[in-house]
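All values reported here derive from a predicted model rather than from experimental measurement.
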Amino acid sequence: MKKIEQSLTELFSRSLSDMFPGSGRVGICTPDEPRDLMLGLYLYSIRPCYDITPQPLIQKGSGFREQAPQFLTLYYLLTAYSKAEDAHKTQEEHNILFRAVETLMNTPVLTERELGFRPGTYVDRLQLRMQDLTPEEMSNIQSYRESPPTLSVGFYVTPVEVSAAAGEAVSGTSSSNIQTSQKPQGKEL
């Protein structure tokens with residue numbers, strides 16, 4: 001997950017580079033603690049992805065099987081933070097969020113090229129989609145805050161592969177209870 005968040009941060013940083021001088025202006029934070037960020041990504045929910053349901057065990061060759069991976073959907077909130085004076089603060093936040101939405105629309109999938117790594121064994125690309133959040137849902141996500149909810153945009157990344165446990169050797173019998181007995185092979189003289 002750390003690699004995905006790093007790739008998302010780099011994606012938004014590149015797309016907003018003309019608005020943000022320098023680096024380190026896009027990062028992971030809660031909507032309540034932006035630090036010096038201009039655009040914050042906040043992971044607010046992780047849910048199973050039911051679009052992909054592989055068999056529980058996958059046969060790997062004649063004597064080995066592996067537990068199939070699980071897939072998740074990661075839900076994020078993008079929040080803009082302006083350092084401008086009050087008169088321009090709202091306008092700058094709107095501009096930042098609009099550019100972030102453009103980035104989401106222009107990047108519907110994340111492949112190895114955008115991510116910098118292969119997204120998984122069973123998937124070769126991740127979907128990046130805006131999420132339609134009502135004001136009530138947005139308020140519930142940010143309900144831990146003492147101040148009113150901040151203008152934000154929701155999006156999700158799916159299917160994120162969670163690696164399976166190590167495989168196991170498979171034998172032809174499920175259990176064995178072999179007993180040997182020593183019988184004399186002939187008469188002693």
Side-chain angles (χ1 to χ4, degrees), residues 1-49 51-52 71-120 123-145 147-162:
M1 195 160 75
K2 182 179 179 181
K3 289 181 180 180
I4 291 173
E5 290 181 340
Q6 183 178 7
S7 297
L8 290 171
T9 301
E10 289 172 9
L11 174 72
F12 286 110
S13 292
R14 277 192 310 272
S15 68
L16 298 167
S17 62
D18 61 324
M19 294 181 80
F20 305 147
S23 62
R25 306 302 246 159
V26 178
I28 308 297
C29 68
T30 66
D32 209 26
E33 301 171 352
R35 303 180 310 269
D36 289 335
L37 300 175
M38 300 288 285
L39 183 68
L41 284 86
Y42 171 58
L43 177 66
Y44 71 89
S45 185
I46 301 173
R47 297 183 190 148
C49 173
D51 295 339
I52 300 176
F71 295 92
L72 302 173
T73 301
L74 308 178
Y75 293 85
Y76 287 91
L77 208 57
L78 278 174
T79 307
Y81 305 99
S82 172
K83 306 298 182 211
E85 298 297 322
D86 287 341
H88 302 287
K89 183 178 176 115
T90 302
Q91 183 63 46
E92 186 176 56
E93 288 177 351
H94 288 184
N95 290 338
I96 293 168
L97 275 183
F98 183 76
R99 290 289 295 282
V101 168
E102 281 183 329
T103 302
L104 290 171
M105 297 299 190
N106 292 330
T107 316
V109 294
L110 298 172
T111 63
E112 187 173 354
R113 188 185 75 190
E114 290 87 16
L115 292 168
F117 64 94
R118 182 164 166 71
V123 295
D124 62 350
R125 63 188 60 202
L126 302 177
Q127 296 177 28
L128 187 62
R129 300 278 188 266
M130 269 189 65
Q131 187 180 9
D132 184 18
L133 294 172
T134 65
E136 292 80 24
E137 290 170 322
M138 190 75 67
S139 182
N140 286 339
I141 293 168
Q142 298 183 25
S143 64
Y144 63 89
R145 300 177 53 149
S147 57
T150 308
L151 181 61
S152 301
V153 173
F155 74 97
Y156 62 91
V157 180
T158 194
V160 175
E161 184 176 322
V162 178

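- Heavy atoms of other residues, nucleotides or ligands lying less than 6.0 angstrom from NZ of Lys3 number 12 at most.
- Within 6.0 Å of atom CZ in Arg113, 12 or fewer heavy atoms from other residues, nucleotides or ligands are found, so the atom counts as exposed in its surroundings.
- Below 30°, between 30° and 60°, or above 60°: for Tyr76 and Phe155 the angle between ring planes is below 30°, a parallel geometry.
- Counting non-hydrogen atoms of other residues, nucleotides and ligands closer than 6.0 Å to CG of Asp36 gives a total of 12 or fewer.
- No side-chain heavy atom of Val160 sits under 4.5 Å from any side-chain heavy atom of Ile46.
- Under the 4.5 Å side-chain criterion, counting only non-hydrogen atoms from C-beta, Arg118 is in contact with Asp124.
- Counting all heavy atoms, side chain and backbone alike, Leu97 lies closest to Leu78 at CD2-O, 3.7 Å.
- In this view, Ser13 satisfies the side-chain hydrogen bond (donor to acceptor under 3.5 Å, both in side chains) rule with no residue, not counting sequence neighbours.
- With sequence neighbours left out, the side-chain hydrogen bond (donor to acceptor under 3.5 Å, both in side chains) criterion links Gln127 to no other residue.
- A search for side-chain contact (heavy atoms from CB on, under 4.5 Å) contacts involving His94 returns Thr90, Leu151, not counting sequence neighbours.
- Applying the salt bridge (charged side-chain N to carboxylate O under 4.0 Å, His left out) test to residues at least two apart or on different chains, none of the pairs has a partner in residues 127-137.
- For Arg99, the salt bridge (Lys or Arg N to Asp or Glu O under 4.0 Å) partners two or more places apart in sequence, or in a different chain, are Asp18, Glu102.
- One N or O on the side chain of Tyr81 and one on the backbone of Pro31 form a donor-acceptor pair closer than 3.5 Å.
- Glu92 is linked by a side-chain contact (heavy atoms from CB on, under 4.5 Å) to Met38, Ser82, Ala84, Ile96, counting only residues two or more places apart in sequence or in another chain.
- With a 4.5 Å cut-off on side-chain heavy atoms, Thr103 and Leu128 do not count as touching.
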